[in-house]
Asks: 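My structure is below; once you've seen it, I'll send some questions.
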2 protein chains.
Amino acid sequence: MLEAAVQRGRQLPTGVALMRAGDPMAALFVVRSGSAKRYSVTLQGAEQVHGFVLPGEAVGLEGFASGRYTCEVSALEPLSYCRVPMRRLEPLLERLPGLRREILRLLGQALEESQRLRCELAQIDARGRVAHFLADLSGRLARRGLSPVEFRLSMSRADIARHLGLTLETVSRALSTFKREGWLRVRARDISVLRPDALTALGGGLA
Amino acid sequence: MLEAAVQRGRQLPTGVALMRAGDPMAALFVVRSGSAKRYSVTLQGAEQVHGFVLPGEAVGLEGFASGRYTCEVSALEPLSYCRVPMRRLEPLLERLPGLRREILRLLGQALEESQRLRCELAQIDARGRVAHFLADLSGRLARRGLSPVEFRLSMSRADIARHLGLTLETVSRALSTFKREGWLRVRARDISVLRPDALTALGGGLA
DNA sequence: CGCGAAAATTGATCTGTGTCAAGTCCTGAC
DNA sequence: GTCAGGACTTGACACAGATCAATTTTCGCG
């Protein structure tokens, strides 16, 4: 029954927006493959990167606040995704207690995640933040059965920097340091983690 | 019918915990008067302050993620609050679409808020963060009909610092600067905002 | 394959904030 | 009222990271 509410197999080319800030929240999305950037643009035109969406992750939950999306989400590489229209979802929430619990769980998780991230990033230095970012990415990839030690960054250094509250130079320097320390291999956007323990140690005790 | 599910008129003295990290999520809470600090303690024993709870605000929503609370909440001053046991709330979610939407809205709002805060804090300097903090507090007090220009901080400088990712010295210096600039009066924990426009300007375009 | 533009690296310098260290001001208890 | 201990302020200094600038690398495209 939930199946019937899901529109599968949608595609989006690189750079195109999945949603725009201010749009009415017509649907929830789940990314199936590819990745996306969640961001918003300040009045002064600066881009604030909220985070990145990986396969298996949901997008659009903040829309529950006001019925409108509050940030832009655009594809960093060709994206395939599912779409769950709110019109179909809402009636199901009445009949399926399990689905209700699942949606609440997703929201709670996103909330907890966001708060944890904020506190962690606020307390650690630049190298720690970059390590934390890599550790987080690695863990999320692993959850989807992808390699946690060999992966390709779909986002630019500038995106990473804006996400972590650093400059792109500092991100670059952190990566170079890790490389020099011998536990990370970096070639452009290809990353190899040679010693995962070093990553988690620096990342500030990420699970 | 929702009324019957709410336990009203509960009290808590200063310093006592409303919930502990790891406790099963037995209830949601809504603060009626007083204020509280939301925080967690790292493995190294450092305290990370997630935020502060003011009258009219809900606590415990992150519990939806796993069925357990994920942070400590303790009273900064004598607290009165309502308690909504999950046992009573869950059956109501089935029958009351309005309540369902309200809970989703609350969660969405908390999520959006948390993400916005993280991005804003990551990009601005120490004085901006302190101004932002005051502007946020001021706005939330105003929403409850309290004065947005004259209020008393219930939290210490150290709490504010840990919340903003600064040191207490830097918070203190920022407040002193504002005082010297003539648009804020600070006497210990009593705050008077003489020029609210200066606050919002520095705070980074807070609504 | 090679060109050009964008992305990333690396270096030099400067500034904001953390750190350490006195000191002063509150506040609550007696 | 006064005393003690914690909270807060202020100052001096060091250093991480921002900024500015110059290359180098990567990658899409003809």
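A note on names: the letters A, B, ... follow the listed sequences, proteins ahead of strands, and every chain is numbered from 1.
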Asks: Can you give me every donor-acceptor pair (side chain of residues 21-33 of chain A, partner residue at least two apart or in another chain, under 3.5 Å) with its distance?
Replies:
unit_1   : atom_1 : unit_2   : atom_2 : d
Asp23(A) : OD2    : Arg20(A) : N      : 3.3
Ser33(A) : OG     : Ser80(A) : OG     : 3.0

Asks: Taking heavy atoms of chain B and a 4.0 Å limit, find me the 5'-most and 3'-most nucleotide of DNA chain D within that range.
Replies: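 Result: dA7(D) to dA12(D).
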Asks: How many Å lie between CD on Gln123(A) and P on dG18(C), as a whole number?
Replies: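 In whole Å, dG18(C) P and Gln123(A) CD are 10 Å from each other.
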Asks: Pick out the pairs of N or O atoms, protein on one side and nucleotides 24-30 of chain C on the other, that lie under 3.5 Å.
Replies:
unit_1  : atom_1 : unit_2    : atom_2 : d
dT27(C) : OP1    : Arg152(B) : NH2    : 3.4

Asks: With sequence neighbours excluded, what pairs up with Arg10(A) under the side-chain hydrogen bond (donor to acceptor under 3.5 Å, both in side chains) test?
Replies: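 For Arg10(A) the side-chain hydrogen bond (donor to acceptor under 3.5 Å, both in side chains) partners, ignoring immediate neighbours, are Gln7(A).
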Asks: Would you please say whether a donor-acceptor pair under 3.5 Å links the side chains of Gln115(B) and Ser114(A)?
Replies: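 No, no side-chain donor-acceptor pair sits under 3.5 Å.
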Asks: Between Arg140(A) and Glu57(A), does a salt bridge (Lys or Arg N to Asp or Glu O under 4.0 Å) hold up when you go through it step by step?
Replies: CA-CA 9 Å; Arg140(A) 286 156 69 192; Glu57(A) 298 178 343; 2.8 Å; yes
Asks: Restricting to side-chain hydrogen bond (donor to acceptor under 3.5 Å, both in side chains), what partner residues turn up for Glu90(B), sequence neighbours left out?
Replies: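 Partners of Glu90(B) under the side-chain hydrogen bond (donor to acceptor under 3.5 Å, both in side chains) test: none.
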Asks: Excluding sequence neighbours, so at least two apart, what forms salt bridge (charged side-chain N to carboxylate O under 4.0 Å, His left out) with Arg195(B)?
Replies: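 Here the qualifying residues are Asp197(B).
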Asks: With a 4.0 Å cut-off on N to O distance, would you call Arg105(B) and Glu112(B) a salt bridge?
Replies: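 Between Glu112(B) and Arg105(B) there is no salt bridge, as every charged N stays at least 4.0 Å from the carboxylate O atoms.
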Asks: Taking NZ, NE, NH1 and NH2 as the nitrogens, is one of them in Asp125(A) or Arg129(A) under 4.0 Å from a carboxylate oxygen of the other?
Replies: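 No salt bridge links Asp125(A) with Arg129(A).
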Asks: Looking only at side-chain N and O atoms, does Ser156(A) come under 4.0 Å of OP1 or OP2 in dA7(C)?
Replies: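 Negative; the distance criterion is not met.
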Asks: Minimum heavy-atom separation for Phe64(B) and Leu107(B), please, with both atom names.
Replies: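 Nearest heavy atoms, Phe64(B) then Leu107(B): CD1-CD1, 3.7 Å.
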Asks: Who are the ring pair (Phe, Tyr, Trp, His ring centres under 6.0 Å) partners of Tyr69(A), not counting sequence neighbours?
Replies: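 Tyr69(A) satisfies ring pair (Phe, Tyr, Trp, His ring centres under 6.0 Å) with no other residue.
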Asks: In whole angstroms, how far is the P atom of dG16(C) from the CZ atom of Arg127(B)?
Replies: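 Checked: the CZ to P distance equals 10 Å.
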Asks: Give the rounded distance in Å between these two atoms: CE of Met155(A) and C1' of dA7(C).
Replies: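 Whole-Å distance recorded here is 15 Å.
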Asks: What is the distance from CG of Leu166(A) to C1' of dA8(C), rounded to the nearest Å?
Replies: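 These atoms are roughly 16 Å apart.
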Asks: Tell me, please, which residues at least two apart from Arg8(A) pass side-chain hydrogen bond (donor to acceptor under 3.5 Å, both in side chains).
Replies: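 Residues passing side-chain hydrogen bond (donor to acceptor under 3.5 Å, both in side chains) with Arg8(A): Glu3(A).
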Asks: Take the protein atom CD of Glu169(B) and the nucleotide atom P of dT17(C), then report the distance between them rounded to whole Å.
Replies: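 Distance check: Glu169(B) CD to dT17(C) P gives 13 Å.
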Asks: If we fit an axis to the first five pairs and another to the last five of the helix from dC1(C)-dG30(D) to dC30(C)-dG1(D), what angle do they make, to the nearest 10°?
Replies: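 Answer for the end axes of this duplex: 50°.
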Asks: Pull out every residue in residues 171-178 of chain B that has a heavy atom closer than 4.0 Å to any atom of DNA chain D, ordered by number, or say none.
Replies: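 Only Ser172(B), Arg173(B), Ser176(B) qualify.
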Asks: Mind checking side-chain hydrogen bond (donor to acceptor under 3.5 Å, both in side chains) for Gln123(A) and listing every partner two or more places apart, or none if nothing turns up?
Replies: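 For Gln123(A), no residue satisfies side-chain hydrogen bond (donor to acceptor under 3.5 Å, both in side chains) once neighbours in sequence are set aside.
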Asks: How long is the line joining CD1 of Ile124(A) and P of dG18(C), in whole Å?
Replies: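 Atom CD1 in Ile124(A) sits about 15 Å away from atom P in dG18(C).
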Asks: Mind jotting down which residue pairs meet the side chain to side chain donor-acceptor pair (under 3.5 Å) criterion with at least one end in residues 168-180 of chain A? Sequence neighbours excluded, please.
Replies: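 Output for this query lists Thr167(A)-Thr170(A).
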